[in-house]
Structures are given as C-alpha cells and as structure tokens.
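A short write-up of the structure that comes next.
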Amino acid sequence: MKSSSSSTTQTQTATQEKQQNPQTKVSPQTQTKGIDKRIKDYEAIIGIETHVQLSTLTKAFCGCPYNYGAQPNTSICPVCMGLPGALPVLNSKVIEFAVKLGLALNCKLSFNSKFDRKQYFYPDLPKGYQISQFDIPIASNGYVDLDLPVEFGGGHRRFGITRVHMEEDAGKLLHSGNGRYLATLSHLLQVDLNRAGVPLLEIVSEPDMRNGIEAAEYAAEIQRVVRYLGISNGNMQEGSLRCDVNVSIRPIGQSEFGTKVEIKNLNSFSSVNRAIDFEISRQVLLHSQGQGNSIVQETRLWEEGAQKTVTMRKKEGLSDYRYFPEPDLPEVILKKEYVDSIQNSLPELPEMKRRRYENMGLSMQDVLFLANDINVAKFFDATIAKGADVKLATNWIMGDIAAYMKNEKVSINDIKLSPRELAELIASIKGGTISGKIGKEILFELIEKGGTVKGLIEEKNLVQIVDPAEIEKMVDKVLSENPNQLEQYRAGKTKIQGFFAGQVMKLSKENALNTDFTVNGNLKCSAYEPSSFIRIRRRGFKSYLGVGLSLEEWPISFTFMTGHD
C-alpha cells in the first residue's frame, strides 16, 4: 500500500508540474536554490517530546529487571504482561529520578501529583492502557540553557520546558523480513514485552526552536543533563533517549501557528537536524505552490536512506485517550525535606560546568568539548586538581588523548592513563625533565599499558641532558669526527646543516634538549628536539657564516631549531 501510494503521489506531482510548466525543465539544483530563497519568508516553529528511559534496577511497577538486548520475553511477570488481577507497585527510584530531572531543568515541582490511565490499543501494550500522568505532571514550567557550537555561529540559547511527567514504556514489535509490515500469513509479527513497564520520563519542550541545529543541540543538552544526573545512559541507539519532533511553519510576522507535523524514527542528533531541515523545506515548497492546505496534521517517518520524511499515519483530530486517575496507585505526595535533600545532592550540571570552564579562560570550543562528556569532564577536573596547567591539560585531552580514543573507539574510562599521571607528565615537560616528543611517546604507553611517568623516565633513561659542559663535549666531538662534512658546509653546501644537528641528537640519544650555554663567554648553543638544522652565525651580523676558524677565535652561536614547542 505504501509503495502504491508513493507511486500515485509521484505521478500526480509529475502531472501537476507538466501542466504548470509544459515546456520548462527545472533542475534539482535550481529548485533547491528557489526553496532556499523562499525559506527566508517563513519562520519554523519546532518543539520536541523527549522520552528518557530511566536506569533503575527494576521496572516502574514490578520487580522485573530490564537488560537491553536480552532474549525476547525473558524479563516479564504478570504485572508487566497485564494479566488480570496483577497490581502495580510504584518503584520509589522513579520518583527520585523525576524530581532530580525537574530540578535540573529549573521546573516547578508538583508536591501533589498522580498517575493516570492513558487508554489506547496497540499489540505491544498488553494492558490496553499506559500508566502515565495527564493533568498534573510532577514538574512543569522550566527551561534549559545551552551554547551552540562555534561552527554553527555560537551563541547562548534558552529553551522552555512545558512539563516533565512519569510513565511506563510499551513493549516492542519484532518484524520479520525487511522490517515492514507483512501481509502474508507465512510471516509472524512477534511481540517482545521485556521493555513493557520500563520507567520513562517524558520531557515536553516549548515550541522555542527555529531550525534543525537548535533542535539537535537541545536534544543533545537533554542527553548531557540526564547523564550528568546519572538517571539514564541516554543512548539513542538503544532507545534510551527518543525524540519526536513537531514542526510547523508560518509567514514572517504571522502570530498564529501553522499546521503541526510530527516526525518519528529519529535515532541520532544529526537525524534530528536533517529531518527538520527537510520538513521545513517541504512545507515551504507546498506553501509557495499555493498548496498550504495540503499540509495536514500527521505523523511522518524519517527515512535515513532516502533523506526524507514520509507519511506514517494521518491524525484526523486529537486522540481521545479517555484519561482517568489510575485507581491502583496512590497519589504522589512530595515533602519539602525530601525535595531539599535531592536538591543538595545534585551534581554540577553541564551549564554550570561550561560557565566555570569559561571563567578559567578556556575558549568556547574547549569548553564545549570538555563539558560534553561527563567522564571527560571528570578526568579534566581531576587532572587540574593535581596541579596541572589548565590550558596544557586541555590541549593534551583534546589532542592526543581524544585522537587515541577516536581511533581505538574507546571512552576515557577505558584508557589506563590516570589524571595523576597526566598531571605528572605535563609537569615533567614543563619543568624540562623530558621533551615534548618523549612526552608523547610516554603518553601512549601510559594510555595502553598504564604505569607511572617517573617509572618510565627512569626505566628508559629519558631524562634530558641539561649540563652545558656535557653538551659542549658532544658538539666538539661531532665537529672533530666529521671534517669532510664541515668542509662541505664551508664550501657552501648549506643543506648539510641538518646533519650536524642529527649527530648531536644521536650522540645524546635525543636527550640534549632545550639547553642554553656559553663557551669562553662567546659560544652559545641552544638545542631543541626534533632537530632540523643548525644555524651558525656571527653575533652582531645578519649574514650566516661557515665554521672556519677555531671556536676560541670566533664568537659564534649554534642553534638547533625545531618546529615543535
């Protein structure tokens, strides 16, 4: 039916285009440019309903555990199966987590709330109703603050939160074949009730977002908040965080909202962004063609492969869920002492952390990277707590450590480097004990195998040679052992200058680094790694000189240059 409907729609559209433009062919690029121009005349209105699956040990109203990926129907009981006579018992952790989230989202809490029955039929809803909250949600009238990424223009945003309410999840339908509904009796539609009764918090935003980027960043901030609170893992790929987006458009200056379209099947933040942008363009195109009335209230699915939304089902009007108070559960009554204890136990939330990092002098790019992942933020905080320089710690974490984690597909909790040892590594480089190059080598060994910085430095004899007398002997030795190369350099073959630097570094096992010294009041040698060339010049003159006379006769300077700091 879907295929037939799609084909019919395409045929009708093609016929209309031929009637309107019988001899004109419009390329997709030209059409896209036209849409982009028309979009400026419209304003998008976007709101999001986010379902967060809570990380409780058991389900909302029974003692069954929930483990993602478990074999179908292995974690069920008469309560979550909806068998007659089975009564629900509320999991107190659901209340605690709901209060935590309500406070974190700056909501007003309802000290007296209740559960309600939401009546509807679906194969994965065994009771024929869902236990939810209707007219008195546990939290309402809040907001969330966030910072947009620099690459998207940056800036601070505040989006309103309409409500947060508690409810239970439904089961899951397992489709055979290619995942579509199959009409033949030879294929079965299986129902997995493992997820039925798992506690959810639904967060309904105000329609405050105006484009796909803002909506995606809002959803990402909700994920950060629930992870910081420890109430959910927020993994979209597991269904622990699910977003349903509502999109409408209206001409600039119009106060009334347009017809709202809901989009489902969004399993990543990039999908949220792209689905909204597509839907805005689709609705703008219909309005510009005089077909605004064809935009109806419906639920559409995002097809990732085709990069477009398609109709899932029409909504003729508001659904009549016949809500009434859940008779098998008592009211939810919060005491001030209980709420205060939860308020005092809240961790530093993403917005607070971003402001603190910003006050440290970090750039917004650094701030957003560090605060995005709570585990990275904890690692960073622990590193600077050990005395590490803030900017150097940031550079190491965002640079080599982040690159390693990306390449190996691991998290910062999986590496064996500790914050204490990173702070020690930074101190060793800053203090001149080891070079930056050696520091990187040590870093990767610490990440993969663990250990201590001091232990590796001693074990591998990596301490820099800083005694001027020792380095002077090395320079003399290199010059005396390589007379031919010295003559070539005197004769103008300046490309050989890197050879001298390499020989000194080889002789010192790359430990003669970052050192300044003077011989007879005249000779000054600075060695940096990795050596690239030796610059030999007479002080007071701009011209470069060859090493012609003895060191005692010439006030010359040797400088081992590098591209590394």
Side-chain angles (χ1 to χ4, degrees), residues 50-70 74-82 86-118 127 130-134 136-140 142 161 163-171 193-204 222-235 238-242 326 328-349 374:
T50 309
H51 291 84
V52 176
Q53 192 177 94
L54 301 182
S55 299
T56 54
L57 296 177
T58 58
K59 295 183 181 181
F61 303 110
C62 66
C64 296
Y66 174 70
N67 297 307
Y68 176 79
T74 55
S75 184
I76 55 177
C77 72
V79 174
C80 48
M81 291 174 66
L87 296 176
V89 177
L90 178 60
N91 184 340
S92 63
K93 275 290 181 182
V94 178
I95 302 293
E96 178 187 334
F97 288 178
V99 172
K100 276 188 175 183
L101 184 58
L103 293 172
L105 296 179
N106 307 289
C107 291
K108 177 183 177 183
L109 295 180
S110 298
F111 280 75
N112 287 72
S113 64
K114 61 182 174 65
F115 286 99
D116 301 279
R117 287 189 181 182
K118 181 180 180 180
K127 295 192 293 286
Q130 178 190 34
I131 299 178
S132 181
Q133 290 189 296
F134 177 46
I136 310 178
I138 194 166
S140 58
I161 302 295
R163 58 185 281 154
V164 177
H165 66 260
M166 302 174 286
E167 62 185 23
E168 62 177 338
D169 208 345
L193 295 180
N194 280 347
R195 199 176 66 181
V198 170
L200 299 176
L201 292 178
E202 181 173 345
I203 307 158
V204 181
I222 294 297
Q223 183 190 64
R224 281 189 286 270
V225 169
V226 299
R227 285 178 171 177
Y228 270 59
L229 293 172
I231 64 175
S232 174
N233 62 29
N235 294 337
E238 296 178 5
S240 298
L241 188 141
R242 308 193 288 272
E326 170 57 60
D328 293 331
L329 289 170
E331 291 183 346
V332 178
I333 301 174
L334 304 178
K335 292 185 178 180
K336 187 177 184 302
E337 296 78 14
Y338 176 76
V339 173
D340 289 343
S341 65
I342 293 178
Q343 176 79 69
N344 295 332
S345 69
L346 291 180
E348 183 182 40
L349 294 169
I374 184 174

message: Check for me whether the distance between the ring centres of F111 and Y338 falls short of 6.0 Å.
response: no

query: Heavy atoms, side chains only, cut-off 4.5 Å: are L54 and L201 in contact?
result: yes

field: Residue pairs, two or more places apart or on separate chains, that pass side chain to side chain donor-acceptor pair (under 3.5 Å) and touch residues 54-65
entry: T58-N91

query: Which pair of non-hydrogen atoms, one from G102 and one from A139, has the smallest distance, and what is that distance?
result: CA-CB, 3.9 Å

- request: Take L241 and N235, measure what side chain to side chain contact (heavy atoms under 4.5 Å, CB included) needs, and give me the verdict at the end.
  value: CA-CA 6 Å; L241 188 141; N235 294 337; over 6 Å; no

- request: Kindly compute the distance separating OH (Y66) from CD1 (I76), expressed to the nearest 0.5 Å.
  value: 13.5 Å

query: Taking all atoms of both residues into account, what is the closest heavy-atom pair of L334 and S110, and its distance?
result: CD1-O, 3.6 Å

message: One thing to verify: whether K127 and E168 come together as a salt bridge, which I'm taking to mean a side-chain N less than 4.0 angstrom from a carboxylate O.
response: yes

message: More than 12 heavy atoms of other residues, nucleotides or ligands under 6.0 Å from NZ of K93: yes or no?
response: no

task: Determine whether H165 and L200 make a side-chain contact, defined as any pair of heavy atoms from C-beta on separated by less than 4.5 Å.
output: no

Sub-4.5 Å side-chain heavy-atom contact between L87 and V79: no

query: Can you find a pair of side-chain heavy atoms, one from Q133 and one from K114, that are under 4.5 Å apart?
result: no

- request: With rounding to the nearest 0.5 Å, note down the distance linking CG in L105 to CD1 in I222.
  value: 5.0 Å

- request: Check for a donor-acceptor pair, side chain of R163 on one end and backbone N or O of E202 on the other, with a separation under 3.5 Å.
  value: no

message: Walk me through whether L90 and I95 qualify under side chain to side chain contact (heavy atoms under 4.5 Å, CB included).
response: CA-CA 9 Å; L90 178 60; I95 302 293; 3.7 Å; yes

message: Using the side chain to side chain donor-acceptor pair (under 3.5 Å) criterion, which residues pair with E331? Sequence neighbours excluded.
response: none

- request: State whether the side chain of R117 and the backbone N or O of E326 hold a donor-acceptor pair below 3.5 Å, judged by distance alone.
  value: no

field: Partner residues of S75 under the side chain to side chain donor-acceptor pair (under 3.5 Å) criterion, sequence neighbours left out
entry: none

message: Quick check: closest heavy atoms across A60 and P199, and the distance to 0.1 Å?
response: N-CD, 3.6 Å

- prompt: Can you find a heavy atom in the side chain of L329 that is under 4.5 Å from one in the side chain of I131?
  reply: yes

query: So, the side chain of R242 versus the backbone of G239: is there a donor-acceptor pair under 3.5 Å, distance only?
result: yes

query: Can you check whether P347 reaches L229 side chain to side chain, under 4.5 Å on heavy atoms?
result: yes

query: Taking the side chain as C-beta and beyond, is there a heavy-atom pair between F97 and V226 under 4.5 Å?
result: no

- prompt: Just how far is it from atom CD1 of I138 to atom CG of L101, taken to the nearest 0.5 Å?
  reply: 10.0 Å

query: Which pair of heavy atoms, one from M166 and one from F115, lies closest together, and at what distance?
result: CE-CZ, 3.6 Å

task: For K118 and D116, run salt bridge (Lys or Arg N to Asp or Glu O under 4.0 Å): C-alpha distance rounded to whole Å, both residues' side-chain angles, the deciding distance at 0.1 Å, then the answer.
output: CA-CA 6 Å; K118 181 180 180 180; D116 301 279; over 6 Å; no

query: So how far is it from S140 OG to L109 CG, rounded to the nearest 0.5 Å?
result: 8.5 Å

message: Within the 3.5 Å criterion, strictly below it, is a donor on H51 or Q53 matched to an acceptor on the partner's side chain?
response: no

Non-hydrogen atoms of P137 and V164 that approach each other most closely: CB-O, 3.6 Å

query: Do K100 and L103 come close enough that some side-chain heavy atom pair is under 4.5 Å?
result: no

task: Calculate, to the nearest 0.5 Å, the distance between atoms SG and CG belonging to C80 and D169 respectively.
output: 12.0 Å

- request: Taking all heavy atoms of A70 and all of N194, pick out the closest pair and write down the distance.
  value: O-ND2, 3.8 Å

- line: Between the CG atom in N233 and the OG atom in S240, the distance rounded to the nearest 0.5 Å is 4.0 Å

